[in-house]
Amino acid sequence: MQKNSFRNIAIIAHVDHGKTTLLDGLLHQSGTFKSHQNIVDRVMDSMDLERERGITIIAKNTAIHYKGIKINIVDTPGHADFGGEVERSLNLVDGVLLLVDASEGPLPQTRFVLQKALLKNLPVILIINKIDRHDSRIKEVVNEVYDLFIDLDANDEQIDFPIIYTNAKKRVAHNQLDDHSTDLKPLFDIIVDKFSGPEVKDDHITQFLITNIDYDPYVGQIAVGRLENGFIEINKRYSLCSKDSIKYDQKLSACYTFEGLEKIKVDKLEAGDIIAIAGIENIQIGDTISCNENPKPLPRIEIDEPTVSMYFHVNKGPLAGKEGKFLTTRHLSNRLQKEILWNVSLQLIETDKTDVFEVCGRGELQMAILIETMRREGYEFMVSKPQVITKEENGKILEPMENIYLDLREEHVGIVTKKLSIRKGRMTKLNNNGHGRVSLEFKIPSRGLIGFRSQFLTVTKGSGIMNTLFDSYAPWFGKIPQRVSGVLVADRPGKVTSYASLGMVDRGELFLKVGTEVYKGMIIGERNRKGDLDVNITREKKLTNMRASTSDATVILRPPQNLSLDQCIEFIAEDEFIEVTPKNIRMRKMELDIKKRLSLKKKDKV
């Protein structure tokens, strides 16, 4: 039975192509917001980190009404590192809006999210956004999208997609570029006409697949997903079908349906709608809630395996416990366990040491978001350099490979190609459009990309664009050189002085400003040659009877380079940690004592 009173759709696109901005327009023009309401831009990006970085990190759903039909819309991330969010979201919907920039065209993450949608055989509506850009090339972009569909082995029905042209900022959609539309009505109409309602059975036993988990301090865990079959009522008892067992006689404390950005309490939920329920504890993504008498679980959600791992350590540094609220092994373990409950693309592996945890994920960005989120919550801990996750087949070690897509100026092609070839990269495509910019494609081991982004931005003077996409596993490529330069390391505790900083000018570039507290073994800067150098950064100028109080007033120091968390993750070597606290991000050596570091180096050489 087809429920024509519902439409469940997802918006998918590359990062920064305008998904969340378009959704703002749909919410406003559907009458979701009152005329007097003061609504911020990109209202669906509710996390602070999402607003700061300008990207969607967590998939979120909303609901609007048009011509008596309830349209559930899921806003998905556009970055491959958050692919787990995309894969979960596509289990909720019956069609996708593919958003493509009118100038940039389909980019690597467009390919990634579209591939996931086509594998689920979902119908597609193509939206060409930002048609007001002065450098738009709409016809070429449409042809590029057709080429992408063919390349991804789309069937005839999927390739025969309708096209809408939009300016999300002005909240206007056009069926034809030259029509006189002044609002998003053409987009609303095509969503209702092109996408069919969900296929459900009201008289079937209850089947509700949990695809997301929220938390409320009053009602506890809230399970979000689509009710595939049957009804859910507040006063009935249900069974929870987990991975290994079935728990009977589960009672619900609340049932919710979505209206705009709000969850509305109801007594009964019907099949085909995206819903939420509360009252059942210890639920996990992929579990099914079914009837109590004859429970039938739905197939669990399958997602791609993680490719990168990092070790999270309890902070044992000299300044440990001075800045954070949550410091202990128990705090760190509980927080990471909580994270993997809702973030299905992360895996937590216990190690031989009780105070060390291995976290596996999709990429450096996903790890950086997790670390930054925990830091803002008051956690204090240390993390190691990211490492790729290898597999073994037929006695051979395989490592993950990635496709890297570059857009840069002609004069930078030589230096970028050289740096990638050192990292075992192999060029697969070069396209010079004749306008001074060149598109390059490389296939490279994931290890070779760790720490490359900052180098790429430096050599291209910030003008280069870089995107990556996981490709496959290939035999181990051998040793790949990472950081070429050494580091400047503090050899004693104290505070950074201007006199000592002045002496470091010809030794390298400092990361810390004058007055910053340091400790023995802490990294204070990047050396301008190979090998690490331990220095006294706390040294003060000796006072004499002949020295005036203003004699150092004219000392001008080069401002220090303040590294962000992402840059620190790229910068550190395998024998270094990042110390993360709510107030500071520091880098340090694993072994703080220089004598012990030197003896360990000698042992490694032997």
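Treat the numbers as computed from the prediction; the structure is a model and nothing was measured. Numbering starts at 1 and runs along the sequence shown.
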Hydrogens and angles aside, do E380 and T581 bring a side-chain donor and acceptor to less than 3.5 Å of each other? no

Salt-bridge present (E372, R375; N to O < 4.0 Å): yes

Please determine, by modelled atom types, if Q158 and N121 share a side-chain donor-acceptor pair under 3.5 angstrom. yes

Give a yes or no on whether E199 atom CD has more than 12 heavy-atom contacts from other residues, nucleotides or ligands under 6.0 Å away. yes

Would a 4.5 Å heavy-atom cut-off, applied to side chains only, mark R226 and T211 as touching? no

What salt bridge (charged side-chain N to carboxylate O under 4.0 Å, His left out) pairs are there with at least one residue in residues 277-293, not counting sequence neighbours? D287-R300

Single hit among I9, N8, I274, L97 for side chain to side chain contact (heavy atoms under 4.5 Å, CB included) with I73: I9

Taking the side chain as everything from C-beta on, heavy atoms only, tell me whether F477 gets closer than 4.5 Å to M401. yes

Sub-3.5 Å donor-acceptor pair from the side chain of Y238 to the main-chain atoms of E233, do we have one? yes

The criterion is side chain to side chain contact (heavy atoms under 4.5 Å, CB included); which residues satisfy it with V124, sequence neighbours excluded? V96, L98, L114, L118, F149

Centroid-to-centroid, Y379 to F326, below 6.0 Å? yes

Hey, are D94 and K3 close enough for a salt bridge, meaning a charged N less than 4.0 Å from a carboxylate O? no

Can you tell whether the side chains of E377 and K338 come within less than 4.0 Å, N to carboxylate O? no

Pick from V388, V308, T390: which one makes a side chain to side chain contact (heavy atoms under 4.5 Å, CB included) with R447? V388

Does any non-hydrogen side-chain atom of P306 lie less than 4.5 Å from one of R362? no

Donor + acceptor pair across side chains of T351, E358 (<3.5 Å): no

Identify, with sequence neighbours excluded, every residue that meets side chain to side chain donor-acceptor pair (under 3.5 Å) alongside D273. K70, N72, T257

Just so I know, are the side chains of K385 and I450 near enough to count as touching, which here means a heavy-atom distance under 4.5 Å? yes

So is K268 actually on top of F231's ring, under 6.0 Å and inside 45° of the axis? yes

Would you check if N4 and I69 make a side-chain contact, meaning some heavy-atom pair closer than 4.5 Å? no

Pairing of K316 and D355 as salt bridge, 4.0 angstrom limit: yes

Heavy atoms only: give me the nearest P400-F470 pair and the separation to one decimal. CB-CE1, 3.7 Å

How close do N129 and A168 get, counting heavy atoms only, and between which atoms? OD1-N, 3.1 Å

